[in-house]
K.L.:
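Have a look at the structure that comes next, please.
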2 protein chains.
Amino acid sequence: MSIPDWTSHFPGLRKLEPSIGRPLVENSKVVKLAAGTRIFGPGQSPEAYLLLLDGTVRVQQVSETGREIVLYRVSAGESCALTTACLMGYEEYQAEGVAETDVQAVAIPRTTFDELIARSAEFRRFVFTAFSMRVTNLFKIIDEVAFSRVDIRLAQKLLELADSQGRVALTHQQLASELGTAREVISRQLHEFQRRNWISATRGEISLVSIKDLQKLAGAP
Amino acid sequence: MSIPDWTSHFPGLRKLEPSIGRPLVENSKVVKLAAGTRIFGPGQSPEAYLLLLDGTVRVQQVSETGREIVLYRVSAGESCALTTACLMGYEEYQAEGVAETDVQAVAIPRTTFDELIARSAEFRRFVFTAFSMRVTNLFKIIDEVAFSRVDIRLAQKLLELADSQGRVALTHQQLASELGTAREVISRQLHEFQRRNWISATRGEISLVSIKDLQKLAGAP
DNA sequence: CAGTGCTTTGTGACTTCGTCACATACGACA
DNA sequence: TGTCGTATGTGACGAAGTCACAAAGCACTG
């Protein structure tokens, strides 16, 4: 059976020299994970560098009191870059990763990863770029959590998560987890948005009515 | 003039093969920066990988409204790992780095850095470990900012920043920046600590009186 | 289709945190 | 000893988080 060349799914890897790309493909394997699978979590060190072929993985942090905050998502074509930090580093993972959908991914063993880093400038760029994006994003989250108002953040999140019909199929609790706040706070804000006729809501789903107004709130102060 | 072999200052670099260590030393140069120098900031991409020989660098984020939060500090023997993310990655730095004291550092040019990553497993481990620590720490900050009470965080910070005599030579404003909160909030909390006789304060300096009580607050919920 | 049980949402009361607008107080230095 | 810049104190109020329930909404069952 021939091994499918999944490297073409990753723009950053397409230009890999064949002498590099072949061992990469041969030494790693494609894994499938069902939606809801916990991929890693506090106390579980990841064992391989993961590249997503399909689906999305949500990386989040859970507080002692049970409140949650979503740190970022990994989608098809991306790598779970921060796993790398822990893959390479001395510490255990503090956050947890959950498959949001069924997921197909390439698992690159630690040794292969290390070898690739050594041998391919192209691969290094790919890894570091992914890293850079995540870290920049973490900075942004800190900024928002520390300094930004929830109404603004909620408007941004709704716009970000809406599908093409302007619908967001999440419960208040799930939105609260996205922003790292409490469910009641979200309920009240949504109520206020509804009062202003910016959204309409049913159990478990929100429809954006006035995207323009939401953008105005989300944008300039 | 002989070039000083500063690699011995870095435990992670001591075991570098000479064939690797020599070019590292030869291609990089030692720089000195006066206290207060802004080393990098939003819009300024760093040009080199920095290893600190002496002094400390504070990395912080400034909000639109002027509030600040300290993300981490780089001390002697450490690398400003996250600079690397941006060094390697596609994006500009979102945070700013300021020399807190006079600083002596080794600046490794981008090309040399890349070459070292390629050639030395030892150096890779050094860089990734530093990375890992910072990222883990960023996770912790997000957790604390989002979920933890200021009185607890303030107690922790005081204990962390106290010198051997239990003194913290910072203004309320500076403490507020450490925690990403407002000065008034700190003033009130310190007042409360004082009322309970846990600290005593003079202009610009705080003395910890009952470290035990502070630890109790900082520790278990 | 009425009943039951789980999940989701609504709400009031209260605490904590952040903001604004000043009032004081301290300390260095002329 | 006065003056000036920085540091700290404070009240009022709005925004956000917590707690303890109440009330829907939905699925499944008999």
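Predicted model only: the values in this text are computed from it and were never measured. We name chains A, B, ... by the order of the sequence lines, and we start the count at 1 in each one.
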K.L.:
Please report the distance, rounded to the nearest Å, between CD in A/Gln173 and P in C/dG10.
P.N.:
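For the pair A/Gln173 CD and C/dG10 P, the rounded distance is 13 Å.
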K.L.:
What nucleotide, of C/dC17, D/dT10, C/dC26, holds the atom closest to the side chain of B/Glu184?
P.N.:
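So the nucleotide nearest the side chain must be D/dT10.
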K.L.:
Does OP1 or OP2 of D/dT6 have a side-chain N or O of B/His172 closer than 4.0 Å?
P.N.:
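Result: no.
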K.L.:
Compare every heavy atom of B/Gly180 with every heavy atom of A/Phe147, then report the nearest pair and how far apart it is.
P.N.:
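Taking every non-hydrogen atom into account, CE2-O, 3.7 Å.
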K.L.:
If I take atom CG in residue A/Leu175 and atom P in nucleotide C/dT8, what distance separates them, rounded to the nearest angstrom?
P.N.:
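Distance check: A/Leu175 CG to C/dT8 P gives 12 Å.
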K.L.:
Measure from CD on A/Gln174 to C1' on C/dT9 and round the result to the nearest Å.
P.N.:
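The distance from CD of A/Gln174 to C1' of C/dT9 comes to 14 Å, rounded to the nearest Å.
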K.L.:
Between the base of D/dT18 and the side chain of A/Arg188, is there any donor-acceptor pair under 3.5 Å?
P.N.:
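Yes, the side chain and the base share a sub-3.5 Å donor-acceptor pair.
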K.L.:
For A/Glu205 and D/dC26, what is the distance between atoms CD and P respectively, to the nearest whole Å?
P.N.:
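Whole-Å distance recorded here is 12 Å.
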K.L.:
Can B/Glu96 and B/Gln60 be counted as having a side-chain donor-acceptor contact under 3.5 angstrom?
P.N.:
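Yes, B/Gln60 and B/Glu96 have a side-chain donor paired with an acceptor closer than 3.5 Å.
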K.L.:
Under 3.5 Å, is there an N or O donor on one side and an acceptor on the other linking the side chain of B/Arg183 and the base of D/dT6?
P.N.:
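For B/Arg183, whose side chain was compared with the base of D/dT6, there is no donor-acceptor pair (under 3.5 Å).
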K.L.:
With DNA chain D as reference, determine whether A/Arg203 or A/Ser148 sits nearer its 5' end, using the nearest nucleotide of each.
P.N.:
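The residue whose closest nucleotide sits nearer the 5' end is A/Ser148.
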K.L.:
Side chain of B/Arg149, base of D/dG17: donor and acceptor closer than 3.5 Å?
P.N.:
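Checked by distance alone, the answer is no.
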K.L.:
Closest to the B/Val150 side chain: C/dG18, D/dA16, C/dG10?
P.N.:
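Nucleotide nearest to B/Val150's side chain: C/dG18.
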K.L.:
Side chains of A/Ile39 and A/Val57: does their closest heavy-atom pair fall under 4.5 Å?
P.N.:
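In short, these two side chains touch, coming nearer than 4.5 Å.
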K.L.:
Give a yes/no on whether any side-chain N or O of A/Thr181 is located under 4.0 angstrom from OP1 or OP2 of D/dG17.
P.N.:
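It does, given that an N or O in the side chain of A/Thr181 lies less than 4.0 Å from OP1 or OP2 of D/dG17.
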K.L.:
Contact class for A/Thr65 (heavy atom, under 4.0 Å): base, sugar-phosphate, or nothing?
P.N.:
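The answer is nothing, as A/Thr65 stays clear of every strand by at least 4.0 Å.
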K.L.:
Any idea which heavy atoms bring A/Asn137 and A/Leu71 closest together, and the distance?
P.N.:
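A/Asn137 and A/Leu71 have their closest heavy atoms at OD1-O, 3.7 Å.
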K.L.:
Where each residue is assigned the nucleotide of DNA chain D containing its nearest heavy atom, which of B/Thr171 and A/Val185 is assigned the position nearer the 5′ end?
P.N.:
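On the 5' side of the pair lies B/Thr171.
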K.L.:
Could you tell me how the ring of A/Phe128 sits relative to the ring of A/Phe131: parallel (under 30°), tilted (30 to 60°) or perpendicular (over 60°)?
P.N.:
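Rings of A/Phe128 and A/Phe131: tilted, 30 to 60°.
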K.L.:
Indicate whether OP1 or OP2 belonging to D/dG9 is found under 4.0 Å from a side-chain N or O atom of B/His191.
P.N.:
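Checking B/His191 against D/dG9: at least one side-chain N or O falls below 4.0 Å of OP1 or OP2.
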K.L.:
Between A/Thr202 and D/dG25, is there a contact of a side-chain N or O with OP1 or OP2 at under 4.0 Å?
P.N.:
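No, because none of the side-chain N or O atoms of A/Thr202 sits under 4.0 Å from OP1 or OP2 of D/dG25.
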K.L.:
How long is the line joining CG of B/Leu190 and P of D/dA7, in whole Å?
P.N.:
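Distance check: B/Leu190 CG to D/dA7 P gives 15 Å.
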K.L.:
If you apply the rule salt bridge (Lys or Arg N to Asp or Glu O under 4.0 Å), what do you find for B/Arg188 with B/Glu184, and how did you get there?
P.N.:
CA-CA 6 Å; B/Arg188 282 170 193 140; B/Glu184 296 90 321; over 6 Å; no
K.L.:
Is the phosphate of D/dA15, meaning OP1 or OP2, less than 4.0 Å from a side-chain N or O of A/Gln189?
P.N.:
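No.
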K.L.:
Starting at atom CD1 of B/Ile186, determine the distance to atom C1' of C/dT16, rounded to an integer number of angstrom.
P.N.:
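That distance rounds to 13 Å.
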K.L.:
Rounding to an integer number of Å, can you tell me how far B/Ile199 CD1 sits from D/dT8 P?
P.N.:
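In whole Å, D/dT8 P and B/Ile199 CD1 are 11 Å from each other.
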K.L.:
Given atom CG of B/Asp151 and atom P of C/dT15, what is their separation to the nearest angstrom?
P.N.:
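Between P of C/dT15 and CG of B/Asp151: 15 Å.
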